[in-house]
2 protein chains.
Amino acid sequence: MAVRRSALQSGPSKGGDTAPTSTRGAAREQVDRAVRSGLLTGRFIPGKAVTLRGLAAELGVSPMPVREVLQRLAAENALEVKPNGRVQVPDMTPARYQEVLKARLLLEPELATLALPHLTSKDAKRLKAVDDDIDQCILSGDAESYMRLNHTFHFHIYRASGSEVLLPLIDSLWLQFAPFMRTVYGRVGTVSLDDRHKEAIRAIELQNEDALRSAIAADINDGMGLLGKELLAVQGKT
Amino acid sequence: MAVRRSALQSGPSKGGDTAPTSTRGAAREQVDRAVRSGLLTGRFIPGKAVTLRGLAAELGVSPMPVREVLQRLAAENALEVKPNGRVQVPDMTPARYQEVLKARLLLEPELATLALPHLTSKDAKRLKAVDDDIDQCILSGDAESYMRLNHTFHFHIYRASGSEVLLPLIDSLWLQFAPFMRTVYGRVGTVSLDDRHKEAIRAIELQNEDALRSAIAADINDGMGLLGKELLAVQGKT
DNA sequence: TCAGGTATTTTGTGATCACAAAATGACACG
DNA sequence: CGTGTCATTTTGTGATCACAAAATACCTGA
């Protein structure tokens, strides 16, 4: 069987992958990684149907592991199974958008607070490096790298909490709004993007709980507030 | 093939099932309903492995739809796939418990508040009926019915919000703590159970936002606070 | 040129098969 | 009687097949 190469296969391998990629569930993990990464960086477009055999051929595996991964992601509301069985990236609606925003504001500042005691100056240094790259992506207009790095920034903080419950919930939220954000960046560009990452880093250095909570909340509000207006504009003209 | 009957098949069909149970994805939906119901009512014990072929035979279907459902539930953290591929109900830990409690307190009062404008006196009447049944279950010690009705009570409120984002998150949380709660009820019984359902109903009748929020939060704290101590006791002696 | 209907292809679903890893059990040896 | 080893069984995984529904393409007729 000819294994076709595609953009999905050359996914950026996250730094600290702990998975040994053993023979057990290797195919499924490969597919899972590819699709998740694709969703978070916006390589899947909302409304675009994703076919089982298509993805399978693209990744050089049988449709079987793809089916399982798609079911998983559908369970996380990252994908939507339509009544006829077709799977697609859900379209964003104003109501959904407001709910995601609310959920993020409820959960993410809280988890950041839980993570704070586990964050060292080494983490702050790492975050600063990531944030520098982010700034560069904003200037150069590299939306895909921006999204990946922004995800890295936030989840480096959240992951430090060692959370097993809140973190997966937030993971689900990001998978839901990321594909939509990508379409907005394609519309308005990245130059108008602003974040509160530096405030967050400073709060971590000072181990200031309230400051970190505020920085994360403000970062979410800034990022999604801007885009909320854009969404309504899109809704009006579509 | 002999279709063996089991406790799983006679799952209590929830009142307002909108699914037409057509031929499309019928098997998967049947399995999903059975396993979800089983988790929420505590018919699956934490730590107990659930085998693919076993469940398939029990439900009279091939292992295929079972695989997909198990993957879905694993994605919602309702089940745990161990490194060797075995699937089991996750064990509860003190850390997990604290996180679930925190997440519930963050999300559920908020969603109840969102739902309040959509809740009518008809809903209050329905909730009152459910709550009466709950009281009876507590007195009679019917833990399984209690858990099912308590879920019905809460989600009747939450579902009225029309939420597409917060509701699935809360769904995931309930699937995570329900099996553990069942084991605790088996240990301490149901007589000591207390809830704030009547306060919540009254808040709905009065359309009092703050009162409803407080009632839900108090209900969660009451229910899980008691059990938290029990968990620690179990941890100590195991 | 365009609408309507049919035929072809594509798609998801469920079942079965082959295989390797893991769990389980039996059994011989100390 | 306990313990280590080996054979058997069970389990999850991935692939392939058969089938029905849906989507798409095509073509005919006005």
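As a basis for the values below, the full set of heavy atoms in this structure was taken, side chains included, without hydrogen atoms, waters or symmetry mates. Residue numbering restarts at 1 for every chain, and letters A, B, ... go by the order of the sequence lines.
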Closest to the 5' end of DNA chain D, once A/M64 and B/Q71 are matched to their nearest nucleotides, is B/Q71
Indicate, with yes or no, if the rings of B/Y185 and B/Y146 have centres closer together than 6.0 Å. yes
Between B/E68 and B/R72, does any side-chain N to carboxylate O distance fall below 4.0 Å? no
Between A/P65 and B/V50, just flag the one whose closest nucleotide in DNA chain D comes earlier from the 5' side. B/V50
Just how large is the angle between the end axes of the helix from C/dT1-D/dA30 to C/dG30-D/dC1, five pairs per end, to 10 degrees? 10°
Partners passing side chain to side chain contact (heavy atoms under 4.5 Å, CB included) against A/E144 (at least two apart in sequence or in another chain): A/T41, A/R43, A/D142
OP1 or OP2 of D/dG12 versus the side-chain N and O atoms of A/R24: is any pair under 4.0 Å? no
Is it the case that D/dG12 (base atoms only) and B/R53 (side chain only) share a donor and an acceptor within less than 3.5 Å, ignoring hydrogens and angles? yes
Please determine, for the side chain of B/R28, which listed nucleotide (D/dG12, C/dT13, D/dA15) has the closest atom? C/dT13
Between atom CD in A/Q30 and atom P in D/dT13, what is the gap in whole Å? 16 Å
Between B/E68 (CD) and C/dT13 (P), how many Å, whole number? 6 Å
With sequence neighbours excluded, residues passing side chain to side chain contact (heavy atoms under 4.5 Å, CB included) with A/S163: A/L111, A/S161, A/L166, A/L167, B/E99
N or O in side chain of A/S62 less than 4.0 angstrom from D/dA15 OP1/OP2: yes
My understanding is that only residues two or more places apart in sequence, or in another chain, count here; which of them pass side chain to side chain contact (heavy atoms under 4.5 Å, CB included) with A/I45? A/K48
In chain order, what residues pass the salt bridge (Lys or Arg N to Asp or Glu O under 4.0 Å) check against A/R96, with sequence neighbours excluded? none
Between D/dA20 atom C1' and A/R86 atom CZ, what is the distance in whole Å? 15 Å
In chain order, what residues pass the side chain to side chain contact (heavy atoms under 4.5 Å, CB included) check against B/V87, with sequence neighbours excluded? B/V50, B/L70, B/L79, B/V81
Atom CG of B/L52 and atom P of D/dT9: how far apart are they, to the nearest Å? 21 Å
Between C/dG12 and A/R67, is there an OP1 or OP2 to side-chain N/O distance shorter than 4.0 Å? no
Does B/N84 make a side-chain N or O approach to OP1 or OP2 of D/dG12 shorter than 4.0 Å? no
I need the CD-C1' distance between A/Q88 and C/dT11, as an integer number of Å. 14 Å
